[in-house]
Asks: 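Quick one: this structure, given as structure tokens, is what I'll be asking you about.
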Amino acid sequence: MNKYRLSALALVIVSIFLGYFVYASEFTGKFVWDRPFRLGLDLSGGTHLVYKADVSDISYTEVGEAMSALKEVIERRVNVFGVSEPLIQVEQSGLGESANHKLIVELPGVTNVEEALAMISKTPVLEFKTEGPNIKTDDLAASYIDSGLTGKYLKRAQVVFPQSQGGGASLGPIVLVEFDKKGSELFAQITKDNVGKTVGIFLDGELMSAPVVQEAISSGEAQITGNYTVAEAKELVRNLNLGALPVPIALDSTQTIGPTLGADVLNAGIKAGVIGFILLALFMIVWYRLPGLVAVFALTTYVVIILALFKTLPVTITAAGIAGLILSIGIAVDANVLIFERMKEEMAKGHSIHEAIKDGFARAWLSIRDSNLSGIISASVLFWFGTSMIKGFALTLIIGILVSMFSAITVTRTFLFALGVKR
């Protein structure tokens, strides 16, 4: 058995394994990998919310960081409610300081708009509590009492890196917090009454930090010091800022998709894909005969690899994504057509089957490379500048093009050499 037949046998085994990997958990539930496909909102049903962010009071250079912080805040708020696979992302339309910034929130399974809005608008409870008379080592959180100072009085928290004396290397990071006027008054009284004691910082009832009060502070600003790493300091700042949104947002639009409608869209997409695949397979077999049959197997391998990647990464599958997948199947067929036509031309010159296959692939490769590269560039532009729906289409198209190149060049080539195919 030559190397091409061994390679072909290996490809068959791998394809069968991947097919089982993809479908077993969906239909039998017996495979150890039980992760289901991740379906987008348009296929699973749920609520789609679009918020417009007001960044007019934020420096242009800080907008990206502020929007990232906003995304993290909303993610934490939504995750508290246990929503399955929520999707929160920021979106920018336009360039420069005139760009519009939006926050997209997709909540699969949540079809009650009022419930969805309540999830987003709910503010976590940020509290500053003072040390009680009796410290309980077994339940430290219960040792603190309310002080009246909460997150609504906090203007902002940030990480700073003070310089050592003499302009040497920076000391460890510290967290700087700043209160508004009312908060400054409360904080001044708290620090005055608790010098040498700790002030507990709680988020939703969970103790995050307990800094020691060194002196009374009347400026409305305080430093939380400790042996923090940079990551720990940033995490503390994120938690402190959860008491208020870092960027004001206003609801721009809402859309509710019922689970029945989503299932209908999914079934229609799968049906379209199957019909398209069957028609392509019949065309290839009728027109190219045995080489066409090899191409059909390569396409089958392509579909199995794609679905395995979708499940592993995982990729959120949307209706637009299914369209991108179907389109990439056509691109994969196009590569096979170029290869087979070049092979026919080489055989017409009197070359042997082996030479025709070798030269046909070599001649077709440049066209395949250029067409796929242009497709990847176009899809990348769509992914970079497009909306969430366009991004789903572009992502599946990019993955599909890359895998189609593998199936056309590697799988088809291996089987043609293994079988010594001629038309």
Side-chain angles (χ1 to χ4, degrees), residues 38 40-42 46-81 83 85-108 110 113-124 126 151-152 154-159 178 180 234-257 315-316 318-321 378-398:
R38 178 186 289 181
L41 193 71
D42 54 350
T47 300
H48 177 90
L49 305 174
V50 179
Y51 288 88
K52 191 172 183 179
D54 181 6
V55 297
S56 57
D57 295 331
I58 301 176
S59 170
Y60 171 69
T61 59
E62 298 177 352
V63 169
E65 182 179 351
M67 291 301 295
S68 296
L70 173 65
K71 177 176 178 290
E72 291 180 2
V73 171
I74 299 301
E75 280 181 341
R76 179 155 184 167
R77 292 185 182 183
V78 171
N79 289 335
V80 169
F81 293 86
V83 178
E85 302 292 354
L87 176 63
I88 294 89
Q89 57 186 343
V90 295
E91 182 178 289
Q92 175 181 331
S93 58
L95 299 173
E97 299 184 7
S98 61
N100 293 319
H101 298 268
K102 294 184 179 181
L103 180 77
I104 312 298
V105 182
E106 294 186 352
L107 305 173
V110 179
V113 176
E114 296 300 324
E115 178 185 0
L117 294 176
M119 291 181 186
I120 306 302
S121 60
K122 179 178 174 61
T123 301
L126 177 64
K152 70 178 181 179
L154 182 68
K155 291 179 65 175
R156 65 172 179 169
Q158 60 181 326
V159 178
E178 181 182 353
D180 61 13
K234 288 183 177 180
E235 176 67 19
L236 178 57
V237 166
R238 281 196 297 267
N239 290 333
L240 288 171
N241 285 326
L242 280 176
L245 293 177
V247 180
I249 57 175
L251 185 64
D252 190 47
S253 66
T254 64
Q255 181 181 9
T256 302
I257 300 176
V315 173
T316 300
T318 63
S378 299
S380 299
V381 173
L382 288 175
F383 184 83
W384 187 262
F385 294 102
T387 61
S388 56
M389 180 178 294
I390 299 300
K391 286 180 184 291
F393 171 81
L395 178 61
T396 55
L397 183 58
I398 291 172

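Everything numeric in this text was worked out from a predicted model, so none of it was measured.
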Asks: For S253, check side chain to side chain donor-acceptor pair (under 3.5 Å) against everything at least two apart and list the hits.
Replies: none

Asks: Of all heavy-atom pairs between T396 and F393, which one has the smallest distance, and what is that distance?
Replies: OG1-O, 3.0 Å

Asks: What are the two closest non-hydrogen atoms of A379 and L397, and how far apart are they?
Replies: CB-CD2, 4.0 Å

Asks: Taking only residues two or more places apart in sequence, or in another chain, which ones meet S56 in a side chain to side chain contact (heavy atoms under 4.5 Å, CB included)?
Replies: D54

Asks: Measure the CG-NE2 distance between L107 and H48 for me, rounded to the nearest 0.5 Å.
Replies: 10.5 Å

Asks: As a quick check of understanding, evaluate side chain to side chain contact (heavy atoms under 4.5 Å, CB included) for M67 and V55, giving each step before the final call.
Replies: CA-CA 9 Å; M67 291 301 295; V55 297; 4.2 Å; yes

Asks: Apply side chain to side chain contact (heavy atoms under 4.5 Å, CB included) to the pair I88 and L103, showing each step before the final yes or no.
Replies: CA-CA 7 Å; I88 294 89; L103 180 77; 3.8 Å; yes

Asks: Quick check: closest heavy atoms across Y51 and I249, and the distance to 0.1 Å?
Replies: CD2-CD1, 3.7 Å

Asks: Mind checking side chain to side chain contact (heavy atoms under 4.5 Å, CB included) for S93 and listing every partner two or more places apart, or none if nothing turns up?
Replies: N100

Asks: Go through the structure and list residues passing side chain to side chain contact (heavy atoms under 4.5 Å, CB included) with V159, not counting sequence neighbours.
Replies: F161, P173, A233, K234, V237

Asks: About how many Å separate CG of L87 and CD1 of I104, when rounded to the nearest 0.5 Å?
Replies: 9.0 Å

Asks: Who pairs with D252 by salt bridge (Lys or Arg N to Asp or Glu O under 4.0 Å), at least two apart in sequence or on another chain?
Replies: K102

Asks: Go through the structure and list residues passing side chain to side chain contact (heavy atoms under 4.5 Å, CB included) with E178, not counting sequence neighbours.
Replies: K155, R156, E221

Asks: Looking at Q92, I'd like to know if its CD atom is crowded, meaning that more than 12 non-hydrogen atoms belonging to other residues, nucleotides or ligands lie closer than 6.0 Å.
Replies: yes

Asks: Walk me through whether S68 and V90 qualify under side chain to side chain contact (heavy atoms under 4.5 Å, CB included).
Replies: CA-CA 8 Å; S68 296; V90 295; 5.9 Å; no

